[in-house]
Amino acid sequence: MAIKSKVDAKYIYSFGGGKADGNESMKNLLGGKGANLAEMAGHKNLKLPVPPGFTVTTEVCTYYYDHQKTYPKNLEKDIKKALSEVEQLMGKKFGDVKDPLLMSVRSGARKSMPGMMDTVLNIGLNDETVLGLIQNSGDARFAYDAYRRLVMMYSDVVIEKAGGMEPAKGKGIRKLMDERLEEVKKERGVSLDTELSAEDLKKLVKEFKSLTKKYLKVEFPENPWDQLMGGIGAVFASWNGKRAIEYRKIERIPDDWGTAVNVQAMVYGNMGEDSCTGVAFTRNPGNGDHYFYGEYLVNAQGEDVVAGIRTPSPINNESKNDHSKDLITLEKFMPSQFKELDEIQQRLEKHYKDMQDIEFTIEKGKLFMLQCRVGKRNGIAAVKMAAEMYQEKLIDADTAVMRVGPNQLIELLLPMIDPEEEKKNKPIAKGLPAGPGGAVGKVVFSSEEAVELGLKGEKVILVREETSPEDVDGMHKAQAILTTKGGMTSHAALVARGWGKCCIVGCNDIEIFEKEKYFLTKEGKKIHDGEWLTMNGTTGMAYEGVLELSNTDLNKNTSYKTLMTLVDKAKKLGVRTNADTPKDAEQAAYFGAEGIGLFRTEHMFYGEGSEKPLFLLRKMIMSTTVKERKSALNELFKFVKKDIKATLEVMDGKPVTIRLLDPPLHEFVPHDKEKLQELSKELGVRMSVLNRRILALHENNPMLGHRGVRLGVSYPEITEMQVRAIFEAASELIKEGKKAFPEIMIPVVMGKHELRHQKEIVDQVYLEVCEKMNVQSIPYLYGTMIETPRAALKGDSMATVADFFSFGTNDLTQMCFGFSRDDIGGFLPKYLDLKLLPEDPFVSIDQSGVGELIRIGVEKGRGIKPKLKVGICGEHGGDPESVKFCHQLGLNYVSCSPFRVPIARLAAAQAAIEEK
Ligand code: PEP
Ligand code: MG
């Protein structure tokens, strides 16, 4: 394709009147909103009633930032041309004093960033054109209300924010104007904006303009063209506003995408009782149920619905909730418009083959479609919609699998409040269930506090009247969000739903006293800052204190089962689990694990039931002669065998990779004096001897010290005991008619000689056990972890001894970067901030560095043994991006913690589908 020359570059795309220059596939250029407006207006199957307008492309935004905030040469000329087309379609003129055309200016990036960037409405109003609007609408109150909104939005968005002014907190121009509005309402003795008269609003327009001049030192521009260009510039500036930057960081949206600007003729949902505005979804985004779902407000503008100040009414009976059950539905209030809207939403879903989030306005009885986009949904809804749309034959199997984000599955596995516990407790408040799952946290009333405590690892619940885009960071750090205002489409609900976070909105049972830092329940109970709260986001109930959370029964979720069947058909990569106890193994098998990829033997020395084995291990560590050590190991043997046997049994013949003892021995020795004295008594060894031994075990760099295979080399009897336990456990099971398939894995290896050294012990013990147990053979594999860069680089020679490789990407990352896995927290935040690292390499595989070592290891290993089994068992095995990478490298399996098994299965399936 020829590169467009600057001269004929097309920067403006028009839509309206049954046609459009663009279409849905042009999101990168027109942004999501612009592309969908074009599609709705111009596609032959849709041609919906969209107010005409045009989109200024994202290329203009990148040009703007690349050229010292200036525009391409012909831009103004092109905008004028597009504007005149809108004038023709609307039969009105921009700036006309008799019948003015008014415009809106809205941002629209490739990916939706709800509320993060700015909007200016009612552009084109001034002291002259407002008279024309009064004449034509016959409603002076409406006209002055539109005018004062313009002055407020313009001063805030264009003059103050885009102008780079930074007023002190609470001293912004919008706040000052809001305060003035409240004062006027007080003076008039009214509580709603709608109760102010035309005269009041007219006076407010004047006062707002004076405030702008006084505080911002700039006149509000009367010239409509200046207003329009100012608005467009402000949207571009808002791309680099604080809120937008923060949101992009969380959502990982690249900074260089830029935003488009949509300029569109205004239509009004606030032109009286025959006008309204609403937000709706083609299916319920909260639970996935298949019915038209939404809310509307009579005599209101779109921002009123999202701001959550008035309780919206349901569009139909299915959309009713506890707060709105007595309100009149749109279906009843405006039956013919509802029918038209319902028919449109069905066409939209069929056309896009996905759930749509739509905004509409009815102006004096006439329906307009303002926006449609793929609707955000929580994980539970995503799974249900994917499975049902597949069953309805709206989408194919691959599309269904691609519809659910791997991390969204977490919500299905999400803890809920234990039902028994919940029955025993009385809720202190009830609101609307905006984000499912249970959550427990300490109450905080400000976003800043949520961030501060969240960073310290504390669990908090953010309690606010309503949230705004300024709160995003705090919302992100909180376990859950509770708002006293707002409906199911309010800011808090939308954002929480997108993240799959527990959230309750519209909880007007409680009253917040922000300054005093407490909230008051209906029954008069005060809950202070820092006190515990438990929330059930699925039902909208809040409870005082800490209620236990428990897990849900996936087997009852038929949509999940349908989806996971499609997932397993699509994926090529195996998914195993890291499990150290039979209980974990059972949990993982339930989640679909195909085996255990890492069984860390040392876990039997921690936690429940570990006292005796730990004592024996310590005895072994403190031994001074081989004889003493062997005797301690003999005693330990039966515990190790029992532990391994139980896990092999649970896995019922599925492979179980048992890693031999890995940590440096001093980790098992007590450090405080009292415990040491106890040990000296129990072992019958003098304190001075103990202390000498401990001193000998001390290392300056334990992570690079006497651990892993090095222990087995120094103390072959430790390897011997473990291997014997493995073979005896397996042969006992086989003799009992059960299945067992152990895989012996050697950790922290640097080369084939170490592997050979250990293999000789394994071979010897194998023969002894076969003879002792009187069995012909015991199925097993002998393999190695690849955790040191050298082991990866020597993959070919390692493969001459090993039957399998398992990449221990925790240690491999540590040794590849030279970052201590235990101390990275000290400098990582700064590295991420400065973008010296794209993300924590211990969370998602560093594909170009550590990933390169893996690639080399696999290639070299398979060069010697083409069928060499290769997997990974570091924490990365449960990270969707890393799973996809492992698929690309042709690994046989990933292994991850039990709760991440479904996530890894889905990510593996998506990788296979993407490869097609
Ligand atoms: C690893 O290093 O990736 C690994 C799985 O072993 P551990 O985390 O036990 O060191
Ligand atoms: Mg390791």
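Every value quoted in this text rests on a predicted model; they were computed, and no experiment measured them. Just so you know, ligand 1 is whichever comes first in the structure, and atom 1 is the first atom listed for that ligand.
Interatomic distance, Asp568 CG to Glu594 CD, rounded to the nearest 0.5 Å: 7.0 Å. With values rounded to the nearest 0.5 angstrom, Ile872 atom CD1 is found 13.0 Å from Ile786 atom CD1.
Applying the 4.0 Å criterion to heavy atoms of Cys873 picks out, from ligand 1, the atoms 5 (C). Residue contact check: Leu598 has heavy atoms under 4.0 Å from atoms 5 (C) of ligand 1. If you number the atoms of ligand 1 from 1 as listed, the ones under 4.0 Å from a heavy atom of Arg821 come out as 2 (O), 7 (P), 8 (O), 10 (O). Under a 4.0 Å criterion applied to the non-hydrogen atoms of Arg707, ligand 1 contributes the atoms 10 (O).
Distances shorter than 4.0 angstrom do not occur between any heavy atom of Glu602 and any atom of ligand 1. At a 4.0 Å cut-off, not a single heavy atom of Glu875 sits close enough to ligand 1 to count as contact.
With hydrogens and angles left out, the side-chain atoms of Gln764 and Glu768 include a donor and acceptor closer than 3.5 Å. Using modelled atom types, one finds no donor on one side chain facing an acceptor on the other under 3.5 Å when comparing Ser844 with Glu881. A donor atom on one side chain and an acceptor atom on the other are found under 3.5 Å apart for Ser895 and Asn578.
Checking only distances, Arg600 does come within under 3.5 Å of ligand 1, N or O to N or O. The shortest N/O to N/O separation between Met785 and ligand 1 does not fall below 3.5 Å.
Remark: Glu839 engages Arg252 in a salt bridge, criterion side-chain N to carboxylate O under 4.0 Å. Contact check on Glu852 versus Arg855 returns a salt bridge, with a Lys/Arg side-chain nitrogen under 4.0 Å from an Asp/Glu carboxylate oxygen.
Within a 6.0 Å radius of NZ in Lys794, no more than 12 heavy atoms belonging to other residues, nucleotides or ligands are found.
When the Mg ion (ligand 2) is compared with the N/O/S atoms of Glu787, atom OE2 turns out nearest. Per residue Asp811, closest N, O or S atom to the Mg ion (ligand 2): atom name OD2.
The nearest N, O or S atom of Asp662 is not closer to the Mg ion (ligand 2) than 2.8 Å.
Relative orientation of the Tyr715 and His706 rings is parallel, given thresholds of 30° and 60° on the angle between their planes.
Of the options Leu812, Asn578, Asn810, Ile786, the smallest heavy-atom separation from atom 4 (C) of ligand 1 is shown by Asn810.
Contacts between Met815 and ligand 1 below 4.0 angstrom, taking non-hydrogen atoms only, are absent altogether.
In this structure, atom 6 (O) of ligand 1 lies nearest to the protein heavy atom Arg659 NH1, 2.9 Å.
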